[in-house]
Every structure is written in C-alpha cells, then in structure tokens.
Amino acid sequence: TGRAEPPALPVSDSTNIGATEPEPASKYRTLASTLITSQIPKLPPPPPMMMASAPAPNPRLGREAVVRAVGALLRWLKHHPSPAPEPVYLLVTLKTAPVRRFEHYLSLPLSPFPSIFLVADRLPDDLPDDIETLPSSALRSLPPVARRGLVLVDSRLKIPSSGKGAKGRGRVVPVDLADPAWAESAREAARRVELRVEAGTCRAVRVGHAAMAPEEAVENVVAAVEAAAACVPRKWRNVRALHLKAPESIALPLYAAPGTGGNDDSKDAKRQAATAVEQGRVKRGRKE
C-alpha cells in the first residue's frame, strides 16, 4: 500500500522518428538545393523571330493579296467562258525602263499552259498521253485550242516566221525528237516563261490559265513575282506595281510601291496591258 511506483523506462530514440520537426539533414539538403538553383544563370527568353516556325512572309507582297486576286480573277473567267482556257498574266510595271534590252526566263512550279501539242509528221514511239498531236500542215493555221497552249514542233520542220501561221499562234518551241529525253525537256520548257523588256515599263508574264486550281495558280504567281523582282535591274527598288490580268479582264492590283500612287498604277496597267504579251504584248485574236 505504501509502495512507490517504479520509475518510467526511457523511450528509445527510434520511436521519435517522424514525431518531431525535420532533422537537420533535411534542412541541409533544402538549403543546398536552394544554393545550387540560385547559382544557375537564367537565360533570357528567345526573341519572337526565333519562336516562329514558319518563315516570315515577304513584306512587299502578302500571300493573302495573291489569294484574293487569283480567286476573283478565276471566278470572273468562270462566268466568261471561252472555247479554250484563257491565259492569266502577271503584269510587272517598273519605275524606270532598262537602258538595254532585257530578257530572262522565269521557272514556275507548274506549267501555265492548259495543253501541250506536238506538230510532227513522224511521231515518236514514246509519246506521252498528255501531249496531243497535230500534222505539219497545222503550222499554217493552228486551231484556237492550240494557240492557248504550248506548241512543240519537230526541229526538222520549218516554222513560219510571218504570215497567218505565225500570227497569234502562241508559244512555239522546237524539239529534237531523236533525243530520248525530249519529253522531259519539253515539260521543263513548259514551266519556263519569258520576261522581255525592250521599251516602256509595263510587261506581262504568263503565270496560269482559267482551268487551273486556285492553289496552283497562287503558287505560280508567287514564284513569278519573286523571280521577276530578282532579275529586273535594281530588283524590288525598280518595281512600281504588280497586277494580275486576263486578256479582257480588268487589272487586279497585287502590289504598289510606297509613295507611287496605287490608283495611277492601276490606270497605267489597264491601258498598257491591253497590248502587252509574254514577250511584251498581250494579244487576243477576235476570231479565236
């Protein structure tokens, strides 16, 4: 009854694990992590141009303007049909005319001609399916469909340089049918268009036709603009205006140099494009 209670046994240190505040070792780890993180230099954010995945658009000619002009012109051509697809021209107006005669061939992604004809008396065995044939007598007067397309002529035939056969016949390219690669050479020639500047400041380059898909026509126009601006004297600094036009449509504006007056450029293009062609004049026979 008067016996004293035995003293309590000491509790092992292992029972206090997790029951008290974090051990000093954890504090040291937190402190070391903070010090290491603070010593890592922070890189500045990349500039906006590094973040863009797509190349910057041409500041002079926006693709949206080309898409709108091509769509409007193709819709107009659809409501004004013709026996053969009408050509589409890029009008290049320069600020100053070159002192010397200037000629250059522009390479396009796709052929701007709706069809390809071969004029020959002896046809090759490996004639592609998409190339139509005409006899040599057709050189005297090509049918309207052939005048809208590319005409390949056997190099052994004589191409008339004047007369009815030469008038309004379109583009004629001689080919060597004895060459095994004549078809590939012909397709490459179909994608090349000529930009010739002899006199004046307004010239036309064929970039498509009425039967082309809008996306294809846009690609050709963009490629032709870049190639033309790169080869004319003084390049973009000498480009006054760019328009898109069919033989009997109005000239749709694509670009006007700052400070040159877009309305005046449009009037000049409408007046000069009535007679401008691939080599410098756009002609359309009334009887086609």
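All figures in this text were calculated on a predicted structure; none of them were measured in a lab. By convention here, the first residue in the shown sequence is residue 1.
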| query | Is there side-chain contact between P81 and K78, with heavy atoms separated by less than 4.5 Å? | reply | no
| field | R192: partners by side chain to side chain donor-acceptor pair (under 3.5 Å), with sequence neighbours left out | value | none
| remark: The reported gap from CD in E132 to OG in S115 (rounded to nearest 0.5 angstrom) is 6.0 Å
| query | Taking C-beta and beyond as the side chain, do V153 and V173 meet within less than 4.5 Å on heavy atoms? | reply | no
| request: Tell me yes or no: between the side chains of S185 and D179, is some donor less than 3.5 Å from an acceptor? | output: no
| field | D130/R187 under side-chain contact (heavy atoms from CB on, under 4.5 Å): CA gap, chis, key distance, verdict | value | CA-CA 11 Å; D130 59 340; R187 297 186 191 283; 2.7 Å; yes
| Would a hydrophobic clustering, with Ile, Leu, Val, Met, Phe, Trp and Tyr connected at side-chain separations under 4.5 Å, put W236 with L90? | yes
| Heavy-atom side-chain contact between S107 and R191 under 4.5 Å | no
| Of all heavy-atom pairs between V239 and A257, which one has the smallest distance, and what is that distance? | O-CB, 3.5 Å
| query | Can you tell me how far the CZ atom of R68 sits from the CG atom of L244, to the nearest 0.5 Å? | reply | 13.0 Å
| task | Walk me through it: do R203 and E194 pass the test salt bridge (Lys or Arg N to Asp or Glu O under 4.0 Å)? | result | CA-CA 10 Å; R203 285 299 176 265; E194 185 183 20; over 6 Å; no
| message | Could you check whether any side-chain heavy atom of P247 comes within less than 4.5 Å of a side-chain heavy atom of P87, counting everything from C-beta outward? | response | yes
| So how far is it from I116 CD1 to L150 CG, rounded to the nearest 0.5 Å? | 5.5 Å
| Where do R196 and R101 land on the side-chain contact (heavy atoms from CB on, under 4.5 Å) test, with the steps shown first? | CA-CA 8 Å; R196 177 186 298 177; R101 177 178 176 179; 3.6 Å; yes
| query | Given the rule that I, L, V, M, F, W and Y join up when any side-chain heavy atoms are under 4.5 Å apart, are V66 and I250 in one cluster? | reply | yes
| What closest approach, in Å, do S111 and A190 show between heavy atoms, and which atom pair accounts for it? | OG-O, 3.3 Å
| If you round to the nearest 0.5 Å, how far is CZ of R156 from CG of L177? | 6.0 Å
| query | How many angstroms lie between CG in D129 and CD1 in I131, if you round to the nearest 0.5 Å? | reply | 9.5 Å
| Non-hydrogen atoms of A224 and L108 that approach each other most closely | CB-CD2, 3.8 Å
| query | Does E86 come within less than 4.0 Å of K245, counting only side-chain N to carboxylate O? | reply | no
| query | Would you find a donor on one side and an acceptor on the other, under 3.5 Å apart, between the side chain of R147 and the backbone of L142? | reply | yes
| field | Within-4.5 Å side-chain heavy-atom neighbours: P83 and V145 | value | no
| said: Within the structure provided, determine whether L118 and L134 are in side-chain contact (heavy-atom separation under 4.5 Å). | reply: no
| task | Indicate yes or no: at least one non-hydrogen side-chain atom of L152 is less than 4.5 angstrom from one of V119. | result | no
| message | Tell me if a side-chain donor or acceptor on N220 pairs with a main-chain N or O of V207 at a distance below 3.5 Å. | response | yes
| query | How far apart are the C-alpha atoms of R240 and T96, what are their side-chain angles, what is the distance that settles it, and do they pass the side chain to side chain donor-acceptor pair (under 3.5 Å) test? | reply | CA-CA 9 Å; R240 180 181 179 89; T96 57; over 6 Å; no
| query | Rounded to the nearest 0.5 Å, what separation is found between the CG atom of D176 and the OG atom of S155? | reply | 4.5 Å
| Intermediate values then yes/no, side-chain contact (heavy atoms from CB on, under 4.5 Å), S249 and L77 | CA-CA 8 Å; S249 72; L77 290 171; 5.7 Å; no
| said: Would you say that L106 contacts H104 through its side chain, given a criterion of any heavy-atom pair below 4.5 Å between the two side chains? | reply: yes
| task | Could you please spell out the steps behind the side-chain contact (heavy atoms from CB on, under 4.5 Å) verdict for W182 and D126? | result | CA-CA 10 Å; W182 73 269; D126 55 346; 3.4 Å; yes
| query | Any luck finding a side-chain donor-acceptor pair between R148 and S82 under 3.5 Å? | reply | no
| query | Are more than 12 heavy atoms from other residues, nucleotides or ligands located less than 6.0 Å from atom CD of E184? | reply | no
| note | Closest heavy-atom pair, V70 versus P214, reported as atoms and distance to 0.1 Å, is CG1-O, 3.9 Å
